[in-house]
Amino acid sequence: CIRDSWYSFRVLDGQGDDLTFRFLNAGQVSAASAFSFNRPAVSEDGGGSWSRIQGPSYDAGVFSFSYTPTSSDTWIALGPVYNFSRMLAVVEEIRDHSMVDSVTTIAQTLQGRPLHLIKITDPAVHDSLKGAVWAIGRQHPAEVGGSWMAEGLMRWLLTDEPQVRELRRQAVFYLVPFMNPDGVALGNYRVNSVGANLNREWAAPDPSRAPTVAAVAHRIESLASSDRRFEFFVDFHAYSSLRKNFFFFSGLDRAPQEQVQEIEALMVRFEEINGDFTRAGSDPSADDTRLARGWAFETFGIQAVTFECSYQDVTYGPFAGEYMTPARYLALGEGLGKSVAEVLFGIQPSG
């Protein structure tokens, strides 16, 4: 049996054995319909690379699949796993980069894990002359694709491409890529260690219940009160029952026409850059201030999106029918960065 739709487990010393796995209560969990197209992700090298198990079945509420491990340690999960340990390793890898202005621990989780704020910009240009972009991720523990996309954005921002160099001169990126490490460590689907769904806590965050949300909200409010330009907010997620990579976006009913045209242009350009993203499949939605996107839009009047990615495959574009991989998630994060550079800051790629 499984908890919710999320599963992640390891098979030890099973190499060469023909194994069959059955989730007997699959029909009783959230997003159960997604099991009809689910292909488990599998890694034989400790998470270094991932492929998909072929031929699973979903019948009468039971999800089953067969697999023959090739190593003594086989990892099987709903999607390519992205644990907090990987994020910590990425943080240490980039910490001393000349364009990483700072890596700050702005809070501790309820179980004592650090919440990192990563600031990426060109230190030769004063911050007061730049627009601010905030990106957060992994509010929901099982939504591993969101972490891969956040890493893709971060890594692109630290390249030496001419477009990126100019973007760092015009913008400050504030990234909090792992909002809920406690929930990830506990194997939760959507909540932290005390059962709080962090993406329902933004209207009035309680530090005793959601300290990471409270810390990030405070930092954003402090930045906004300093009269800095706040250009864009993105919250990286994944959607278990939809087979597309898309935005939920804010404010079409109340935003100025210029802002509406801007978000439309951003999505159109993103789809041109990376056809794994779909403009047609993106949705305007009610601006619930409990959600990070709604809170950012309603409080500051800025462009704010929830970036959702598929756990499984997509049904359109150049990858139609192909199941998501870490490389494609990373490329989506990079594509978002390029789209922001072009549409919001007017910085075209060289050549």
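Keep in mind that the numbers below use all heavy atoms, side chains included, and drop hydrogens, waters and symmetry copies.
Taken from CG in D18 to OG1 in T68, the straight-line distance is 3.5 Å, to the nearest 0.5 Å.
The side-chain contact (heavy atoms from CB on, under 4.5 Å) test with N180 is passed by exactly one of V191, L115, N192: N192. Screening V103, T212, V91, T105 against P114 for a side-chain contact (heavy atoms from CB on, under 4.5 Å) leaves a single residue, T105.
A perpendicular orientation is assigned to the rings of F233 and F230, their planes being inclined by more than 60° (bins at 30° and 60°). Ring orientation note: the planes of F307 and F236 are tilted relative to one another, at an angle of 30° to 60°.
Two residues are said to be in side-chain contact when any heavy atoms from C-beta on lie closer than 4.5 Å; F173 and W134 fail this criterion. Within the 4.5 Å cutoff, no side-chain heavy atoms of R219 are placed close to those of Y174. Within the 4.5 Å cutoff, side-chain heavy atoms of Q111 are placed close to those of L186. Side-chain contact between S282 and F249: present, with at least one pair of heavy atoms (C-beta onward) separated by less than 4.5 Å. Side-chain atoms of Q303 and E262, non-hydrogen and from C-beta on, do get closer than 4.5 Å to each other. Contact of the S43 side chain with the T74 side chain is not registered, since no non-hydrogen atoms from C-beta on lie closer than 4.5 Å. You'll find the side chain of R10 stays beyond 4.5 Å of the side chain of I76, heavy atoms only. Contact check for N245 versus E308: no side-chain heavy atoms found under the 4.5 Å cut-off.
Under the 3.5 Å distance criterion, with hydrogens and angles disregarded, no donor-acceptor pair is assigned to the side chains of S241 and S33. Between the side chains of K119 and T104, no donor N or O sits under 3.5 Å from an acceptor N or O. Checked by atom type, the side-chain pair T306/D235 shows no donor-acceptor distance below 3.5 Å. Looking only at atom types and distance, the side chain of S5 has no donor-acceptor partner in the side chain of S240 under 3.5 Å away. Counted by atom type alone, N197 and H140 present one or more donor-acceptor pairs between their side chains at under 3.5 Å. For the 3.5 Å distance criterion, the side chains of Y82 and E151 qualify, holding a donor opposite an acceptor. Between the side chains of T70 and Q15, not a single donor N or O lies within less than 3.5 Å of an accepting N or O. S85 and N83 share no side-chain donor-acceptor pair at under 3.5 Å. No side-chain donor from either of Y323 and N38 sits under 3.5 Å from a side-chain acceptor of the other. Residues S250 and R293 bring a donor and an acceptor atom of their side chains to less than 3.5 Å of each other.
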Show your reasoning for whether side chain to side chain contact (heavy atoms under 4.5 Å, CB included) applies to E334 and M149. CA-CA 8 Å; E334 177 178 322; M149 293 194 298; over 6 Å; no
Do W6 and Y189 pass the ring-ring contact (aromatic ring centres under 6.0 Å, His included) test, and can you show the C-alpha distance, the side-chain angles, and the key distance before you say yes or no? CA-CA 6 Å; W6 173 246; Y189 185 51; 7.9 Å; no
Show your working on side chain to side chain contact (heavy atoms under 4.5 Å, CB included) between D73 and D13 and close with a plain yes or no. CA-CA 6 Å; D73 185 354; D13 299 323; over 6 Å; no
Could you give me the CA-CA distance, side-chain angles and deciding distance for F178 and V90, then say whether side chain to side chain contact (heavy atoms under 4.5 Å, CB included) is met? CA-CA 12 Å; F178 222 99; V90 171; over 6 Å; no
List the steps, then state whether side chain to side chain contact (heavy atoms under 4.5 Å, CB included) holds for R200 with Q139. CA-CA 10 Å; R200 301 296 184 274; Q139 294 201 77; over 6 Å; no
Under the criterion salt bridge (charged side-chain N to carboxylate O under 4.0 Å, His left out), I'd like the reasoning laid out for R229 against E231: C-alpha separation, chi angles, the key distance, then a yes or no. CA-CA 6 Å; R229 294 191 346 263; E231 298 285 354; 3.0 Å; yes
Please evaluate residues R254 and E298 with respect to the criterion salt bridge (charged side-chain N to carboxylate O under 4.0 Å, His left out), reporting the C-alpha separation (whole Å), side-chain torsions for both, the decisive distance (0.1 Å), and the verdict. CA-CA 10 Å; R254 294 179 313 290; E298 294 289 355; 2.4 Å; yes
Stepwise ring-ring contact (aromatic ring centres under 6.0 Å, His included) test for Y311 and Y239: CA-CA 6 Å; Y311 280 82; Y239 209 112; 8.8 Å; no
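Taking 4.0 Å as the cut-off between side-chain N and carboxylate O, R155 and E93 count as a salt-bridged pair. Salt bridge K244/D283: present, at least one basic N to carboxylate O contact under 4.0 Å. The pair D122-R165 fails the salt-bridge criterion, with no side-chain N (NZ, NE, NH1 or NH2) lying under 4.0 Å from an Asp/Glu carboxylate O. Ion pairing between R269 and E342 holds under the 4.0 Å rule for side-chain N and carboxylate O.
Surrounding NE2 of H97 are more than 12 heavy atoms belonging to other residues, nucleotides or ligands, all under 6.0 Å away. Remark: D59 CG is loosely packed, at most 12 non-hydrogen atoms of other residues, nucleotides or ligands lying under 6.0 Å away. At most 12 heavy atoms of other shown residues, nucleotides or ligands fall within 6.0 angstrom of atom CD in E258. The environment of F248 atom CZ is dense: over 12 non-hydrogen atoms of other residues, nucleotides or ligands sit within 6.0 angstrom.
Not less than 6.0 angstrom separates the ring centroid of F246 from the ring centroid of F277. Aromatic rings of F63 and F21 (six-membered ring for Trp) have centroids beyond the 6.0 Å cut-off, not under it.
Relative to the ring axis of F37, R243 places its NZ or CZ within 45° and under 6.0 Å from the centre. Note that R113 lies outside the cation-pi zone of F84, set by a 6.0 Å cut-off to the ring centre and a 45° limit from the axis. Geometric assessment of R290 against the ring of W202 yields a negative cation-pi assignment under the 6.0 Å and 45° thresholds.
Listed here is the closest heavy atom pair of R52 and G79: NH1-CA, 4.4 Å. In this structure, S339 and F270 approach most closely via the heavy-atom pair OG-CA, 3.1 Å. Scanning both residues, L167 and G337, for their nearest heavy atoms gives CD2-O, 4.4 Å. Pairing each heavy atom of D182 with each of S193, the nearest pair is OD2-OG, 3.8 Å. Of all heavy-atom pairs between W156 and A341, the closest is CH2-CB, 4.3 Å. Contact detail for G335 and I273: the closest heavy-atom pair is CA-CG2, 4.1 Å.
Using a distance-only test at 3.5 Å, with no hydrogens or angles considered, a donor-acceptor pair links the side chain of N25 to the main chain of I2.
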